[in-house]
Amino acid sequence: MGKVLVSASHFDTLCQEAWALLEKEGHQVVYDKTRSFPAYSYEELREIIGDIDAAIIGMDQYNEDVFKLAGKLKAVAKFGVGVDNIDLDAASRHGVKVLNAPGQNSNAVAELTVCFILDLLREVISTHKELEEGKWPRKIGAELKGKTVGLVGFGAIARLVAKKLAGFEVNVKAYDIYMDAEKAAQLGVQPCALDEVISTSDVVSLHIPATSQTHHMFNREMFARMKKGAYLINAARGGLVDLDALTQALREGHLAGAALDAFEIEPLPRGAEIFQYNVVCTPHIGAESYEAYRNVSLCVSQGVADVLAGREPRYWVNKPR
């Protein structure tokens, strides 16, 4: 029997099947439902990690300092896809398998992305706020039909976005380092160079991971290359976007709007200048759906159970090549 530390939110209420799966395998779930923010700081982990066999984590930082204290730790499973808060090299050095749940929350993020696009074009939220103030604004919005949507990245989420946009009669272009031309053709998506996606799209939606190479990829220079009056969508990673540069592009009127679900600094500071423009900002809720919680929790819990039982997990991120 192993101890499985869980620091993913709502595990006690929305992930009961996953909890039962772990207990059926003979493991003890360590979960503190009284925590307002479930992620553990290094100081908190230092007190408990030495007695933990596996961890299912959200935004916690697992680095060399943590791993060297975790003598029993065999697996760290990210409650989602992006593992940028886990030092993969350090995990490998300490014999810890890093797991994730690719595709399990993709539909939720894809639906939010489409929601963002429609809201920005019609300024639904800002109009609603004006009605609350007793105003009756008759804003003239734009239709999605006939527009060009550019996808930067063409992984599982981006492909779902393309599929959902098909009914809106839009032109979809996509860039990816490893472009799957066959899937693009099936979805009616035009593979393009990055510069063409950026410079010709009415809406640019980000679907790439956060790495040292993509940090602030969308900066002042990149925004200048976008069409005047275009919109930026980021339901991926906060580090992809230089928020100051985006704010400037909105302030100067080069971009017509932006929708962001992730930020370098979370929570986003109250009174941030970006709120003054046509923006929709949400608190990292892309994967926050009942269905996604069930899918992700079962996936990572099965992976943890497999590792602790000596079986090879299905989604092993730092698997030796």
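Because only heavy atoms are used, hydrogens play no part in the values below, and waters and symmetry mates are left out as well, while side chains stay in. In this text, all values refer to a predicted model and were calculated from it rather than measured experimentally.
Side-chain N/O atoms of Y277 and T247 include no donor and acceptor closer than 3.5 Å. For the 3.5 Å distance criterion, the side chains of D244 and Q248 fail to qualify, holding no donor opposite an acceptor.
A distance of 8.0 Å separates CD in E312 from NZ in K97, rounded to the nearest 0.5 Å. Separation of atoms CG (L194) and OG (S199) is listed at 9.0 Å; rounding is to 0.5 Å. We find the OH-CD1 distance between Y62 and I86 to be 8.5 Å, quoted to the nearest 0.5 Å.
Contact check on K3 versus D51 returns a salt bridge, with a Lys/Arg side-chain nitrogen under 4.0 Å from an Asp/Glu carboxylate oxygen. Taking a cutoff of 4.0 Å between a charged side-chain nitrogen and a carboxylate oxygen, D242 and R220 do not qualify as a salt bridge.
Residue N105 comes nearest to G80 through the heavy atom pair ND2-CA, 3.9 Å, listed as atom of the first residue, atom of the second, then distance. Closest approach of V81 to A101, counting heavy atoms only: CG2-O, 3.7 Å. Of all heavy-atom pairs between A174 and M179, the closest is O-CE, 3.4 Å. Taking both residues in full, the closest heavy atoms of A75 and V307 are given as CB-CG1, 3.9 Å, listed atom of the first, atom of the second, then distance. Summarising the geometry of Y315 relative to P102, their closest heavy-atom pair is CD2-CG, 3.3 Å, with the distance given to 0.1 Å. Here the shortest heavy-atom pairing between A108 and A287 reads CB-CA, 4.2 Å.
Under a 3.5 Å cut-off, the side chain of S297 and the backbone N or O of R294 do form a donor-acceptor pair. Under the 3.5 Å distance criterion, the side-chain polar atoms of H254 are matched with a main-chain donor or acceptor of M226. Side-chain atoms of D261 come within 3.5 Å of backbone N or O of H284 as a donor-acceptor pair. In this structure, the side chain of N234 does not engage the main chain of L260 through any donor-acceptor pair within 3.5 Å. Side-chain atoms of D119 come within 3.5 Å of backbone atoms of I125 as a donor-acceptor pair (strictly under, hydrogens ignored). A distance-only check finds no donor-acceptor pair linking the side chain of E196 to the backbone of A193 [under 3.5 Å]. A donor-acceptor pair under 3.5 Å links the side-chain atoms of K228 to the main chain of G253, judged by distance alone. Not a single donor-acceptor pair under 3.5 Å links the side chain of T214 to the backbone N or O of M217. With hydrogens and angles ignored, the 3.5 Å screen pairs a side-chain donor or acceptor of H27 with a backbone N or O of G2. In terms of modelled atom types and a separation under 3.5 Å, the side chain of D12 and the main chain of K33 share no donor-acceptor contact.
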Please report, to 0.1 Å, the donor-acceptor pairs under 3.5 Å made by any side chain of residues 143-167, with sequence neighbours excluded.
from : atom 1 : to   : atom 2 : distance (Å)
K147 : NZ     : E143 : O      : 2.6
R159 : NH1    : F154 : O      : 2.8
K164 : NZ     : N107 : OD1    : 2.7

Identify every side-chain donor-acceptor pair in residues 54-61 under 3.5 Å, counting partners at least two apart or on other chains, and give the distances.
from : atom 1 : to  : atom 2 : distance (Å)
D60  : OD1    : S7  : OG     : 2.8
D60  : OD1    : G58 : N      : 3.2
D60  : OD2    : S7  : OG     : 2.9
D60  : OD2    : Y40 : N      : 2.8

Under 3.5 Å, sequence neighbours excluded: what are the donor-acceptor pairs made by side chains of residues 87-95?
from : atom 1 : to   : atom 2 : distance (Å)
D87  : OD1    : D89  : N      : 3.2
D87  : OD1    : A90  : N      : 3.0
S92  : OG     : L88  : O      : 3.1
S92  : OG     : N318 : ND2    : 3.0
R93  : NH2    : E64  : OE1    : 2.8
H94  : NE2    : E64  : OE2    : 2.9

Decide yes or no on side chain to side chain contact (heavy atoms under 4.5 Å, CB included) for E111 and S289, but give the supporting numbers first. CA-CA 10 Å; E111 287 189 2; S289 74; over 6 Å; no

Could you go step by step and tell me if L45 and L69 meet the side chain to side chain contact (heavy atoms under 4.5 Å, CB included) rule? CA-CA 9 Å; L45 285 173; L69 298 174; over 6 Å; no

Show your reasoning for whether side chain to side chain contact (heavy atoms under 4.5 Å, CB included) applies to E264 and L243. CA-CA 8 Å; E264 272 192 284; L243 194 62; 6.0 Å; no

Using the side chain to side chain contact (heavy atoms under 4.5 Å, CB included) rule, take I274 and F263 through it: C-alpha gap first, then chi angles, then the decisive distance, then the call. CA-CA 12 Å; I274 198 166; F263 308 87; 5.9 Å; no

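V124 and L112 fall into different hydrophobic clusters, where Ile, Leu, Val, Met, Phe, Trp and Tyr side chains are chained together by heavy-atom contacts under 4.5 Å. A continuous path of hydrophobic side-chain contacts links V114 to V109 [ILVMFWY only; heavy atoms under 4.5 Å]. Linking ILVMFWY residues whenever their side-chain heavy atoms come closer than 4.5 Å, directly or via other members, leaves M1 and I52 in distinct clusters. L99 is connected to L22 through a chain of hydrophobic side-chain contacts under 4.5 Å among Ile, Leu, Val, Met, Phe, Trp and Tyr, so both are in one cluster. V66 is connected to V76 through a chain of hydrophobic side-chain contacts under 4.5 Å among Ile, Leu, Val, Met, Phe, Trp and Tyr, so both are in one cluster.
The aromatic rings of F79 and Y293 sit tilted relative to each other, their planes meeting at an angle between 30° and 60°.
Other residues, nucleotides and ligands contribute more than 12 heavy atoms inside 6.0 Å of the CZ atom of R311. Heavy-atom neighbours of K24 NZ from other residues, nucleotides or ligands within 6.0 Å: at or below the threshold of 12. For E43, the CD atom counts as densely surrounded, since its 6.0 Å shell holds more than 12 non-hydrogen atoms of other residues, nucleotides or ligands. More than 12 heavy-atom neighbours from other residues, nucleotides or ligands sit within 6.0 angstrom of CG on L131. The environment of NZ in K72 is crowded: more than 12 heavy-atom neighbours from other residues, nucleotides or ligands sit within 6.0 Å.
Contact annotation: the side chain of V204 approaches that of L206 to within less than 4.5 Å [non-hydrogen atoms, C-beta and beyond]. The closest side-chain heavy-atom distance from F11 to S301 is below 4.5 Å. Residues Y231 and L121 meet the side-chain proximity criterion, which asks for heavy atoms closer than 4.5 Å. Contact check for L268 versus F275: side-chain heavy atoms found under the 4.5 Å cut-off. In this structure the side chain of I48 reaches within 4.5 angstrom of the side chain of L5, judged on heavy atoms.
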